[in-house]
Colleague: 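Quick one: this structure, given as structure tokens, is what I'll be asking you about.
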Amino acid sequence: MTKNKPSILSNLTAQILIAMLVGIFLGIIIHNNCSEDSAKEFSGYIKMLATVFIRLVQMIISPLVFTTLVVGIAKLGDIKAVGRIGGKALGWFFTASFISLLIGMFWVNILQPGVGLNLSDIDLATASEVTEKTQSFSAQNFVEHIIPKSIVEAMATNEILQIVIFSIFFGLAAASIGDNAKPVVNALDKTSHIVLKMVNYVMKFAPVGVFGAIAGVFAVRDFGDLALTYAKFFGSFLVGITSLWAILLLIGYIFLKSRMSKLLKHIVSPLIIAFGTTSSEAVFPKLTEELERFGIKDKIVSFMLPLGYSFNLDGSMMYMTFASIFIAQAYGIDLSLGTQMTMLLVLMLTSKGIAGVPRASLVVVAATCGMFKIPIEGIALILPIDHFCDMFRSATNVLGNALATSVVGKWEKED
């Protein structure tokens, strides 16, 4: 059985890659040979395949996060162990977030993709969906968003950070009761294994979901025009995200040494799914499974990964400073180094817990722009290319969380 697993993984990876290529090909054909209205109609229908896949994943995220995190904390046994691992995790997350934000700030200042941009052709109406969400974005709402008023509501809306908070309290309470809590913990353990079995069924639909997402985008976007118009922005962003990958991989090889190559083989399928669907959330269950296969204890994976999805979104972090300062450049607003560092610290705090929120990075960017008197409408500048940036952001988030979980797992083995 064990020998067949890599081939199953590689088959899924191959199917997803083929689905991406077929989706691009079909989308370009529709875009070039159909009217704009027909292409939009086609895009709406074909994207339903991606919606179905992401919905299938979303329906198992809440029970998976709750059961695995509670069992993980209960298995750790005591509050000291939870505090030790939690301390290592948060130390890693905040360091990685700071480095990611710094990389975005560095490259947008060096390459200056927003300087001299022509704003006359920008459709500001397209930004309304994002800018409207920033009206309710405040420090008070941010704190209220973290703490669930109802675990049922948090699970119904897939608020990962709120589920994490409740699960930590539940797990700690179960651990403190000891043997009396064993029947509940065992039941949740069995439930988590059933949910992970569901993951295998859901992942069979991944190539179809990726195909729908890619075909839908290319049907309505002229990639040639987009690439030409946004070549400087997208090219600069790719420089930033590539340098972030280089640093993450280098850190991975420093801590994991030769096992880093093995880790990459295990997470290649989740990386491609996240890239194709622009959703790191879509691979949460699959990533859980692959990290356990990699050899990390299930109690570490079940503790680290839900936390990582709330606190460790490296790709999104890098994009936030990059996009915020890009918009300022486009409007000719000169931000001092001190202001930019303040913006970095604001983003470090306000970006936590955004996993699973549609266009969450853009909402945080828009809110940050508002705080620093940068026109929020500038979001319209990056909306046309945002989907393609999101592909790279999502894959980077997956890599960052896989790496953080693996390194903390290795530290715990050594302790």
Side-chain angles (χ1 to χ4, degrees), residues 1-2 5-6 9 60-61 63-93 96 160 163-164 167-176 178-179 181-182 184-200 251-267 269-270 283-312 398-415:
M1 286 290 288
T2 312
K5 283 178 181 175
L9 177 63
I60 56 181
I61 283 179
L64 184 63
V65 171
F66 175 67
T67 55
T68 56
L69 189 50
V70 169
V71 171
I73 291 172
K75 282 183 178 177
L76 288 174
D78 58 74
I79 293 176
K80 273 187 180 177
V82 174
R84 185 183 69 247
I85 298 170
K88 289 175 181 176
L90 291 177
W92 180 282
F93 294 159
I160 291 182
I163 298 168
V164 166
S167 301
I168 288 172
F169 277 98
F170 194 99
L172 288 172
S176 67
D179 289 345
K182 272 190 176 177
V184 175
V185 174
N186 288 336
L188 289 175
D189 194 15
K190 297 291 187 292
T191 304
S192 70
H193 283 93
I194 293 169
V195 176
L196 283 169
K197 186 65 178 175
M198 289 171 67
V199 172
N200 291 326
I251 291 170
Y253 277 107
I254 289 171
F255 285 103
L256 301 176
K257 299 184 171 57
S258 60
R259 280 178 59 77
M260 184 63 194
S261 301
K262 188 182 175 186
L263 174 65
L264 290 174
K265 287 177 184 175
H266 273 274
I267 65 170
S269 180
V283 299
F284 178 91
K286 183 68 176 172
L287 191 58
T288 301
E289 194 175 49
E290 290 302 331
L291 288 173
E292 288 180 7
R293 284 182 183 171
F294 174 62
I296 306 167
K297 290 180 181 175
D298 57 352
K299 63 183 181 182
I300 302 293
V301 175
S302 58
F303 184 77
M304 284 290 299
L305 215 50
L307 281 179
Y309 265 68
S310 295
F311 292 99
N312 190 44
V398 171
L399 175 66
N401 278 313
L403 188 57
T405 305
S406 302
V407 172
V408 171
K410 180 176 182 289
W411 286 342
E412 281 302 300
K413 271 185 185 177
E414 290 172 354
D415 290 346

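None of the values given here were measured: they were computed from a predicted structure.
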Colleague: Checking L307 against N312 for the side chain to side chain contact (heavy atoms under 4.5 Å, CB included) test, could you report, in this order, the C-alpha distance in whole Å, the side-chain angles of both residues, the deciding distance, and whether it holds?
Modeller: CA-CA 8 Å; L307 281 179; N312 190 44; over 6 Å; no
Colleague: Got a sec, which residues hit salt bridge (Lys or Arg N to Asp or Glu O under 4.0 Å) with K190, two or more places apart in sequence or on another chain?
Modeller: none
Colleague: Counting C-beta onward and ignoring hydrogens, is there a side-chain heavy-atom pair between T288 and D298 closer than 4.5 Å?
Modeller: no
Colleague: Are M260 and I254 close enough, and set up right, to give a side chain to side chain contact (heavy atoms under 4.5 Å, CB included), and what steps lead you there?
Modeller: CA-CA 9 Å; M260 184 63 194; I254 289 171; over 6 Å; no
Colleague: Would you say that V65 contacts F284 through its side chain, given a criterion of any heavy-atom pair below 4.5 Å between the two side chains?
Modeller: yes
Colleague: How many angstroms lie between CZ in F170 and CD1 in I73, if you round to the nearest 0.5 Å?
Modeller: 11.0 Å
Colleague: Is any side-chain heavy atom of F93 less than 4.5 Å from a side-chain heavy atom of M304?
Modeller: yes
Colleague: To the nearest 0.5 Å, tell me how far K197 NZ sits from E289 CD.
Modeller: 8.5 Å
Colleague: Please step through side chain to side chain contact (heavy atoms under 4.5 Å, CB included) for the pair L291 and L263, ending with a clear verdict.
Modeller: CA-CA 8 Å; L291 288 173; L263 174 65; 3.7 Å; yes
Colleague: Rounded to the nearest 0.5 Å, what separation is found between the OG1 atom of T191 and the CG atom of L64?
Modeller: 11.0 Å
Colleague: Do the side chains of T67 and H193 get nearer than 4.5 Å, heavy atoms only?
Modeller: no
Colleague: Decide side chain to side chain contact (heavy atoms under 4.5 Å, CB included) for F294 and T405; before the verdict, give the C-alpha distance in whole Å, the side-chain angles of both, and the deciding distance to 0.1 Å.
Modeller: CA-CA 11 Å; F294 174 62; T405 305; over 6 Å; no
Colleague: Could you measure the distance from the CG atom of L256 to the NZ atom of K262? Nearest 0.5 Å is fine.
Modeller: 11.5 Å
Colleague: Is there side-chain contact between F255 and L403, with at least one heavy-atom pair below 4.5 Å?
Modeller: no
Colleague: Checking E292 now: which residues fulfil salt bridge (Lys or Arg N to Asp or Glu O under 4.0 Å) with it, not counting sequence neighbours?
Modeller: none
Colleague: Please examine the side chains of S192 and F66, heavy atoms only from C-beta on, and report whether any two atoms are closer than 4.5 Å.
Modeller: no
Colleague: Would you compute the distance between atom CD1 of I163 and atom CD1 of I168 and round it to the nearest 0.5 angstrom?
Modeller: 12.0 Å
Colleague: Please name the pair of heavy atoms, one in I296 and one in G409, separated by the smallest distance, quoted to 0.1 Å.
Modeller: CG2-CA, 4.2 Å
Colleague: So does K299 get a backbone contact from the side chain of S302, meaning a donor-acceptor N/O pair under 3.5 Å?
Modeller: yes
Colleague: A174 and A181: which non-hydrogen atoms are nearest, and at how many Å?
Modeller: O-CB, 3.4 Å
Colleague: Taking the side chain as everything from C-beta on, heavy atoms only, tell me whether K88 gets closer than 4.5 Å to E412.
Modeller: yes
Colleague: Taking the side chain as every heavy atom from C-beta outward, state whether V301 and T68 have any atom pair closer than 4.5 Å.
Modeller: no
